[in-house]
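We name chains A, B, ... by the order of the sequence lines, and we start the count at 1 in each one. The analysis underlying the following values was restricted to heavy atoms, covering all of them including side chains, and did not include hydrogens, waters or symmetry mates.
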2 protein chains.
Amino acid sequence: MSKKNSEPTPKNTLGMDVSVDCVVFGFDNDTLKVLLIEQKQPDTVHLKTQNAVPGDLVLDNESLDEAAKRILQELTSLKGIYLKQFHAFGDPNRVRGLKDQQWLRTFRVNPERRVLTIGYYSLVKLSEFKPKAASFAGKTYWVDVYNIPSLAFDHNEIVHKALLMLRHELMADHIGFELLPEKFTLSQLQKLYEIILDKKLDKRNFRKNILRTETVTALEEKQQGVLHKPAQLFSKK
Amino acid sequence: MSKKNSEPTPKNTLGMDVSVDCVVFGFDNDTLKVLLIEQKQPDTVHLKTQNAVPGDLVLDNESLDEAAKRILQELTSLKGIYLKQFHAFGDPNRVRGLKDQQWLRTFRVNPERRVLTIGYYSLVKLSEFKPKAASFAGKTYWVDVYNIPSLAFDHNEIVHKALLMLRHELMADHIGFELLPEKFTLSQLQKLYEIILDKKLDKRNFRKNILRTETVTALEEKQQGVLHKPAQLFSKK
DNA sequence: TTTGAAAGTGTATTTAGCACACGAAGTATC
DNA sequence: GATACTTCGTGTGCTAAATACACTTTCAAA
């Protein structure tokens with residue numbers, strides 16, 4: 001089984017396309033949403049379009065983080081978005097749907113090439129989000145993370161894993177405010193936590209906890225235009 | 001910037017080689033060790049050999065997990081080893097050392113091809129470990145994780161990140177016993193924790209904690225052949 | 001001025017974290 | 001068989017964090 005050192009035997013593989021897929025989370029005060037794109041389809045083949053998570057091939061001189069950043073910036077005009085690599089999806093059969101294969105034949109120079117994808121998730125402030133046409137995407141839209149339609153490739157699995165990682169990191173690093181506007185109330189933040197973690201939290205204990213972590217800081221300002229006692233506004237520290 | 005749907009424009013990239021690198025941890029009752037290999041070198045070029053973490057290209061029909069498992073099984077005879085994907089390393093310049101490039105020219109059919117690697121770490125029971133000749137490796141040996149020499153490619157970074165992930169998961173999931181023999185004492189387990197986390201722990205509190213998590217179970221047996229009060233043996237539950 | 005609706009706050013109880021020291025159970029030696 | 005040596009195994013009191021729980025305040029609208 002072992003080879004002698006004196007006989008170098010170069011190893012051959014076909015090579016893979018590597019892509020980055022971004023699970024973009026947004027929050028609209030009621031539901032946690034994920035950004036989907038309608039996959040581009042050639043006019044000739046008339047298939048029902050599929051939905052997918054935005055993603056693209058990693059370019060030849062690009063790092064993975066750079067590719068993820070580029071994908072996000074092609075979809076939005078936002079800068080400084082929270083981005084985190086969370087898993088590599090490399091099953092050789094992850095592309096097995098008929099439509100998926102047809103799509104690859106249209107949009108990839110090497111449609112037979114195996115595709116490995118690196119999953120990132122990102123948190124954007126829905127309030128500041130303005131969709132932009134991206135080279136790799138058709139229309140974009142937001143769907144409730146707890147009610148996601150059937151997606152292209154293995155994207156349902158990717159979204160599911162992203163959510164698990166998000167939950168985990170929300171608890172560990174308190175990154176929730178990345179999904180809220182610059183100024184937010186603690187009630188908004190609590191609701192966000194409740195929706196992401198999918199359980200109710202006690203108001204007083206939640207506030208104690210958040211304030212203890214010192215990830216947010218109270219502003220002088222108060223909420224305006226609400227028909228009840230206005231809440232104090234906070235921002236990321 | 002956006003393209004009309006009616007003009008499919010296939011995207012071209014050169015493709016990448018994808019490899020899996022395994023950071024194999026072992027524990028010898030005193031130090032946490034990492035398994036290194038001596039990189040194979042052709043006799044012709046007489047370079048000082050470099051050390052590396054074991055890894056190999058992912059084969060054409062292999063998933064990432066399968067590749068990691070194969071790499072481990074080529075190095076050891078062990079089955080059922082704990083294995084976990086922890087990060088993808090994809091910087092386009094991660095291979096920039098002169099020796100690294102020479103090595104690629106010898107052992108890769110496409111030495112210029114960009115290489116992406118998926119990092120896995122694994123926990124093995126040193127007591128059961130028997131090194132085996134592997135197709136991709138020269139000699140193997142263990143080094144103290146806190147005293148690692150300069151390695152090929154970006155492997156120092158890979159090991160470092162693996163250690164951080166291991167620490168994290170040790171706390172969260174109590175997987176420590178994967179590094180110990182089937183039967184172990186709580187003192188052994190505590191020492192393992194202390195070395196991985198790099199801090200002292202209180203004996204009584206440690207025991208309370210471990211027993212509360214119910215990840216281990218007490219055996220009838222006691223330690224034998226020690227010149228002091230024999231400790232109770234435990235095993236994974 | 002009354003109503004509605006969410007904001008904001010305190011306390012008591014339970015649970016987990018932590019610091020700390022000594023008798024018990026074996027082996028080896030004389 | 002007494003002694004010395006070494007690690008094992010345990011209990012308690014204190015402090016900090018987690019949890020459960022309900023009422024008053026502040027504003028806008030009618």
Side-chain angles (χ1 to χ4, degrees), chain A residues 27-31 167-168 170-174 176-177 180-235, chain B residues 27-31 167-168 170-174 176-177 180-181 183-235 237:
Chain A
F27 180 64
D28 72 352
N29 282 315
D30 278 310
T31 48
R167 277 185 188 157
H168 195 266
L170 182 65
M171 299 306 289
D173 300 345
H174 294 285
F177 48 73
L180 295 175
E182 291 302 337
K183 299 171 183 179
F184 52 86
T185 68
L186 291 186
S187 294
Q188 282 177 291
L189 190 61
Q190 182 179 342
K191 192 157 181 193
L192 171 61
Y193 273 65
E194 289 179 340
I195 289 170
I196 294 179
L197 303 176
D198 205 17
K199 66 175 176 193
K200 269 223 110 356
L201 302 172
D202 176 79
K203 185 167 28 163
R204 280 174 279 200
N205 297 331
F206 178 78
R207 288 156 125 49
K208 262 186 278 180
N209 278 308
I210 289 295
L211 295 175
R212 190 164 32 75
T213 64
E214 304 195 330
T215 48
V216 300
T217 187
L219 303 173
E220 297 298 296
E221 266 173 281
K222 295 201 160 177
Q223 213 179 17
Q224 291 195 339
V226 288
L227 37 156
H228 53 75
K229 176 172 176 180
Q232 172 144 64
L233 289 171
F234 286 76
S235 75
Chain B
F27 181 63
D28 72 353
N29 281 316
D30 277 311
T31 47
R167 277 185 187 157
H168 195 265
L170 182 66
M171 299 306 290
D173 300 346
H174 294 285
F177 48 73
L180 295 174
K183 299 172 182 178
F184 52 86
T185 69
L186 292 186
S187 295
Q188 282 178 291
L189 189 62
Q190 182 180 342
K191 192 157 182 193
L192 171 62
Y193 273 64
E194 289 178 343
I195 289 170
I196 293 179
L197 303 176
D198 203 19
K199 67 176 177 191
K200 270 225 105 1
L201 301 172
D202 177 81
K203 186 169 26 166
R204 279 175 278 201
N205 297 331
F206 178 79
R207 290 163 108 85
K208 259 186 280 179
N209 279 310
I210 289 294
L211 295 175
R212 189 164 33 76
T213 64
E214 303 196 330
T215 48
V216 299
T217 187
L219 303 173
E220 297 297 296
E221 266 174 279
K222 294 200 163 182
Q223 213 179 15
Q224 290 194 340
V226 287
L227 39 157
H228 54 75
K229 176 173 175 180
Q232 173 144 64
L233 290 171
F234 287 75
S235 75
K237 182 168 256 170

For B/K222, all residues meeting side chain to side chain contact (heavy atoms under 4.5 Å, CB included), sequence neighbours excluded: B/P230

Counterpart residues, ring-ring contact (aromatic ring centres under 6.0 Å, His included), relative to A/F206 (two or more places apart): A/Y193

Kindly write out the residues that satisfy side chain to side chain contact (heavy atoms under 4.5 Å, CB included) with B/K208, not counting sequence neighbours, or none if the list is empty. B/N205

Applying salt bridge (Lys or Arg N to Asp or Glu O under 4.0 Å), name anything that partners B/D173, two or more places apart in sequence or on another chain. none

Answer yes if the side chains of B/T213 and B/T215 hold a donor-acceptor pair under 3.5 Å, and no otherwise. yes

Would you call the rings of A/F184 and A/F234 parallel, tilted or perpendicular, taking 30° and 60° as the class edges? parallel

Report the residues that fulfil side chain to side chain contact (heavy atoms under 4.5 Å, CB included) with A/K229, sequence neighbours left out, ordered by chain and then residue number. none

Sequence neighbours left out, what passes ring-ring contact (aromatic ring centres under 6.0 Å, His included) with B/H228? Give chain and number order. none

Rounding to a whole Å, what distance do you find between A/N209:CG and D/dA16:P? 17 Å

Partners of B/K183 by salt bridge (Lys or Arg N to Asp or Glu O under 4.0 Å), sequence neighbours excluded? B/E221

NA contact type, B/S187, heavy-atom cut-off 4.0 Å: base, sugar-phosphate, or nothing? sugar-phosphate

Considering every strand and a 4.0 Å limit on heavy-atom distances, what is the contact class for B/R212: base, sugar-phosphate, or nothing? sugar-phosphate

Please enumerate all residues that pass salt bridge (Lys or Arg N to Asp or Glu O under 4.0 Å) together with B/E194, with sequence neighbours excluded. B/K200

5' to 3' contact window, DNA chain C with chain A (heavy-atom distance under 4.0 Å): C/dG4 to C/dT11

Rounded (10°) bend between the five-pair end axes of the helix from C/dT1-D/dA30 to C/dC30-D/dG1: 0°

Rounding to a whole Å, what distance do you find between B/R207:CZ and D/dG11:P? 12 Å

Answer with base, sugar-phosphate or nothing: what part of the nucleic acid does B/Q232 contact at a heavy-atom distance below 4.0 Å? sugar-phosphate

Kindly write out the residues that satisfy side chain to side chain contact (heavy atoms under 4.5 Å, CB included) with B/R167, not counting sequence neighbours, or none if the list is empty. B/Y146, B/L163, B/L164, B/I196, B/L197, B/D198

Using a 4.0 Å cut-off on protein heavy atoms (strictly under), produce a 5'-to-3' string for nucleotides 20-30 of chain D with B for base contact, S for backbone-only sugar-phosphate contact, and - for none. BBB--BBBS--

